[in-house]
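Working notes, structure below.
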Amino acid sequence: MAADDLVELAKRRGFFFGSNGAYGGTAGFYTFGPQGAALKRNLEDAWRDRFTIREGNREIEAPTVMPEPVFEASGHLEGFDDMLVECGECGESHRADHLVEAVTEIEDAEALPGDEVEGLIADNEIACPSCGTPLAGESVEDFNLMFATDIGPGDAQPGYLRPETAQGIFVEFPRLKEYARGNLPFGITQIGAAYRNEISPRGGLLRLREFTQAELEQFIDPEADEPPLDRVRDVEVRLYPATEQEADDGEYVETTVGEAVDEGVIGSPWVGYYLGVAKEWYERVGVDLDRFRFRQHLAGERAHYAADCWDAESEVDGDWIEIAGFSYRSDYDLSKHGEHGDGAFTVFKRYDEPKTVERAAVDPDMSVLGPEFGGDAAAVAEALEALAERDPDAFDAETVSVDVNGETRDVDVDVAGFAIEETTESGEHITPHVVEPSFGVGRTVQTLLAHAYREDEVDGEARTYLSVEPEIAPQDAAVFPLVTNDDRLVDLADRVASDLRAAGLAVAYDDSGSIGRRYRRQDEVGTPFCVTVDRDGIEGDAPDTVTVRERDSAAQVRLPADELAAELAALRAGESFDVLLDRYETVETDVETN
RNA sequence: GCACCGUUGGUCCAGUGGUAGGACAUUAGCUUCCCAAGCUAAUAGCCCGGGUUCGAUUCCCGGACGGUGCACCA
């Protein structure tokens, strides 16, 4: 299939199109039309069902605008901010800060203003690494991939549109852990928009400036928590490990989740677990598994804190695109926010048995130390405390000596209040580790459409259709009167359509043009079932019956109108059309598909 | 951001220094008992700004958007 065909279909049938066309268009922004929005929402619902509901996790919704300090902590402020200088001669772009750092003593050139870096390039006669042309006079461009904004009027505080949804979960961890009643493991999900001011957005939905992410942050105790790996142990996966990517004749490793984890191909059992869950989910929503793989990040590709990282990739138009990332992020995120923020980004981990520890402690009598040592009294007390911990035996004598401010101070042991205390510790504060499956929703939509796109022939006439799963299809069904010159057919079709809608099904009604044309319209947007009211359905042997046509095969069955809603709901939930073919009268249509 | 190419009804294309034509789609009517049928009619377009010109959709410049390559993609 040519990529152009899908783009044309997407525009014509209302899946997605470039935004703000009336104002010339805006690069990097796409609007999902009626069909696309419905499909995307169904996909999100399927994700929510699998990664939130079925995992027993909880979903939150955080703001898209966050204040600057959040991104100082997360590293995005620095990591997303690049200083580029372009060579006027050969056109290569280079990191200006790196060039300056290479030839000067300056270690953090990125923190300098752009014009100062321009000056440094001129003063140090820095030349283009690619072609050797002096870069003096070239302007240093500041690229921050985050959209900046102001929060509030006047002396507003700087804020940014979030470049990933994850931070909205991390920053609220101190509160979210309360809702989990302090127990690990627990998972928080979020589906929402993220923003990156891409230099050069391209490729339709593949690289946008505003896009939708579905993310799960699984918080675990790295020493105690194990994933329920047995649930996915036998799931078959196609892996593309780093070692194979680096080999000259690298090959896929076809294995199971269990084996891959056992053999250490997948480093973290948690990552392995979610790869298995994701594989089954992708199959459920209609990704073609022949055009799907898990690719491990190469060492250089990986963030320094990530122990192991895998991407889910799908093949679209011959290119492999990243549609999800699975990373073991250790305690990086929560530790960073713990350092920068005020809350407690830890949980209290209770020991199996409370530990009784003997500790040497002092309880100095300050009413004696104060008059005796004056301003040094507090320092003496502190020194006594340190000594008790370091060398309890020092308190065996009648007096004990400590050095404070270069002077030796003698204190009566009685005054120091030395004692061996037994204390009970019932646990410790630990920073949870994070396992993060992060899905790109728009890219998954693109994948589903590309993988569902089909061309075949029905009765010798070419047709285009989308073989999307009923759960994901924008519309559950369409209802037609076979012909419109008989009010009885139109009336029954009207009634059937409104009954189905009342039952919660998304139903299109169409009485325009020939029946074949109407089938083709629905085929093109992936409607899985078409309900047609014909004359046999209102008179003769089978009153109040309708026919249901399955999209891919064009096979039809006749069933009572009042059983329709329940059957369509079952089909949407995953029941095979073959069940209906067995249960009801098959309609002979002489229609051939191939 | 750089370079090259492009932008004409909803979609896909043709064409022109004197404001445009087709196909498909859409709408209405006729016809029509199962897969883009037929007939009649209708709706609908030269990306934006500036320049040259009596006159620009057409030529020139700039911009926006799109495609491709480079760069970028924590």
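A note on names: the letters A, B, ... follow the listed sequences, proteins ahead of strands, and every chain is numbered from 1.
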Quiz item: What pairs meet the side chain to side chain donor-acceptor pair (under 3.5 Å) rule with one or both residues in residues 62-73 of chain A, with sequence neighbours excluded?
Solution: A/E68-A/Y160

Quiz item: Can you list every pair that meets side chain to side chain donor-acceptor pair (under 3.5 Å) and has a residue in residues 505-516 of chain A, with sequence neighbours left out?
Solution: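 Those involving residues 505-516 of chain A are A/D510-A/R521.
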
Quiz item: Quick one: ring-ring contact (aromatic ring centres under 6.0 Å, His included) pairs with a partner in residues 513-538 of chain A, sequence neighbours left out?
Solution: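 Listed by first then second residue: A/F480-A/Y519, A/F529-A/F577.
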
I want to verify a distance call: between [options], whose nearest atom is closest to the [X] side chain?
{"X": "A/S514", "options": "B/rA37, B/rA36, B/rA71", "answer": "B/rA37"}
{"X": "A/K11", "options": "B/rA71, B/rC73, B/rC12", "answer": "B/rC12"}
{"X": "A/T484", "options": "B/rC35, B/rU32, B/rC34", "answer": "B/rU32"}
{"X": "A/I199", "options": "B/rG1, B/rC35, B/rA36", "answer": "B/rG1"}
{"X": "A/Y519", "options": "B/rU32, B/rC35, B/rU11", "answer": "B/rC35"}

With [X] via side chain to side chain donor-acceptor pair (under 3.5 Å) - residues at least two apart:
{"X": "A/R295", "value": "A/Q245, A/E301, A/E313"}
{"X": "A/Q475", "value": "A/Q522, A/T527"}
{"X": "A/E539", "value": "A/R488"}
{"X": "A/E322", "value": "none"}

To the nearest Å, how far apart are [X] [atom1] and [N] [atom2]?
{"X": "A/Q35", "N": "B/rG10", "atom1": "CD", "atom2": "C1'", "result": "15 Å"}
{"X": "A/D511", "N": "B/rC34", "atom1": "CG", "atom2": "P", "result": "18 Å"}
{"X": "A/H76", "N": "B/rC73", "atom1": "NE2", "atom2": "P", "result": "14 Å"}
{"X": "A/L145", "N": "B/rA71", "atom1": "CG", "atom2": "C1'", "result": "13 Å"}
{"X": "A/M146", "N": "B/rC73", "atom1": "CE", "atom2": "P", "result": "15 Å"}
{"X": "A/D552", "N": "B/rC35", "atom1": "CG", "atom2": "C1'", "result": "15 Å"}
{"X": "A/R202", "N": "B/rU68", "atom1": "CZ", "atom2": "P", "result": "7 Å"}
{"X": "A/R196", "N": "B/rC73", "atom1": "CZ", "atom2": "C1'", "result": "8 Å"}

Taking only N/O atoms, report every protein-nucleotides 62-64 of chain B pair under 3.5 Å with atom names and distance.
from: B/rA64; atom 1: O2'; to: A/G24; atom 2: O; distance (Å): 3.0

Practice problem: Please list, chain by chain and in numerical order, all residues satisfying salt bridge (Lys or Arg N to Asp or Glu O under 4.0 Å) with A/K40, sequence neighbours excluded. | Solution: A/E44

Quiz item: Is a salt bridge present between A/D476 and A/R572, judged by a nitrogen-to-oxygen distance below 4.0 Å?
Solution: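 Yes, A/D476 and A/R572 are salt-bridged.
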
Quiz item: Can a salt bridge be assigned to the pair A/E315 and A/R293 using a cut-off of 4.0 Å between side-chain N and carboxylate O?
Solution: no

Practice problem: Specify the residue among A/V483 and A/E524 whose closest nucleotide of RNA chain B lies further upstream toward the 5′ end. | Solution: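 Nearest nucleotide further toward 5': that of A/V483.
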
When you compare [N] with [M], how far apart are their [atom1] atoms, in angstrom units rounded to a whole number?
{"N": "B/rG55", "M": "B/rG50", "atom1": "P", "result": "14 Å"}
{"N": "B/rG66", "M": "B/rA28", "atom1": "P", "result": "35 Å"}
{"N": "B/rC70", "M": "B/rG18", "atom1": "P", "result": "41 Å"}
{"N": "B/rG9", "M": "B/rC39", "atom1": "C1'", "result": "24 Å"}
{"N": "B/rG63", "M": "B/rC5", "atom1": "P", "result": "15 Å"}
{"N": "B/rU58", "M": "B/rG49", "atom1": "P", "result": "12 Å"}
{"N": "B/rC54", "M": "B/rC61", "atom1": "C1'", "result": "22 Å"}
{"N": "B/rU68", "M": "B/rU31", "atom1": "C1'", "result": "49 Å"}

Quiz item: Taking N and O atoms by type only, does the side chain of A/R549 place a donor or acceptor under 3.5 Å from a partner on the base of B/rC35?
Solution: yes

Quiz item: Does any donor-acceptor pair link the side chain of A/E198 with the base of B/rC72 at a separation under 3.5 Å?
Solution: no

Self-check item: Derivation of the ring pair (Phe, Tyr, Trp, His ring centres under 6.0 Å) call for A/H433 and A/Y328
Solution: CA-CA 8 Å; A/H433 283 202; A/Y328 191 97; 5.6 Å; yes

Quiz item: Among all residues two or more places apart in sequence or in another chain, which pass the ring-ring contact (aromatic ring centres under 6.0 Å, His included) test with A/Y282?
Solution: A/F292, A/F439

Quiz item: Is A/G203 touching bases, backbone alone, or none of the nucleic acid, heavy atoms closer than 4.0 Å?
Solution: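 Sugar-phosphate contact only - A/G203 comes under 4.0 Å of backbone atoms but never of a base.
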
Quiz item: Please, what dot-bracket string fits RNA chain B when only Watson-Crick and G-U pairs with both distances under 3.5 Å count, crossing ones use [ ] and pairs to another strand use |?
Solution: (((((((..((((....[..)))).(((((.......)))))....(((((..]....))))))))))))....

Self-check item: A/R463 to A/Y465 six-membered ring, cation-pi geometry met (6.0 Å, 45°)
Solution: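 Yes, a cation-pi geometry holds between A/R463 and A/Y465.
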
Quiz item: Among A/R518, A/R549, A/R551, which one satisfies salt bridge (charged side-chain N to carboxylate O under 4.0 Å, His left out) with A/D523?
Solution: A/R549

Review item, nucleotides 22-26 of chain B N/O atoms under 3.5 Å of protein N/O:
from: B/rA25; atom 1: OP1; to: A/R517; atom 2: NH1; distance (Å): 2.9
from: B/rU26; atom 1: OP1; to: A/R521; atom 2: NE; distance (Å): 2.4
from: B/rU26; atom 1: OP1; to: A/R521; atom 2: NH2; distance (Å): 2.3
from: B/rU26; atom 1: OP2; to: A/R517; atom 2: NH1; distance (Å): 3.0

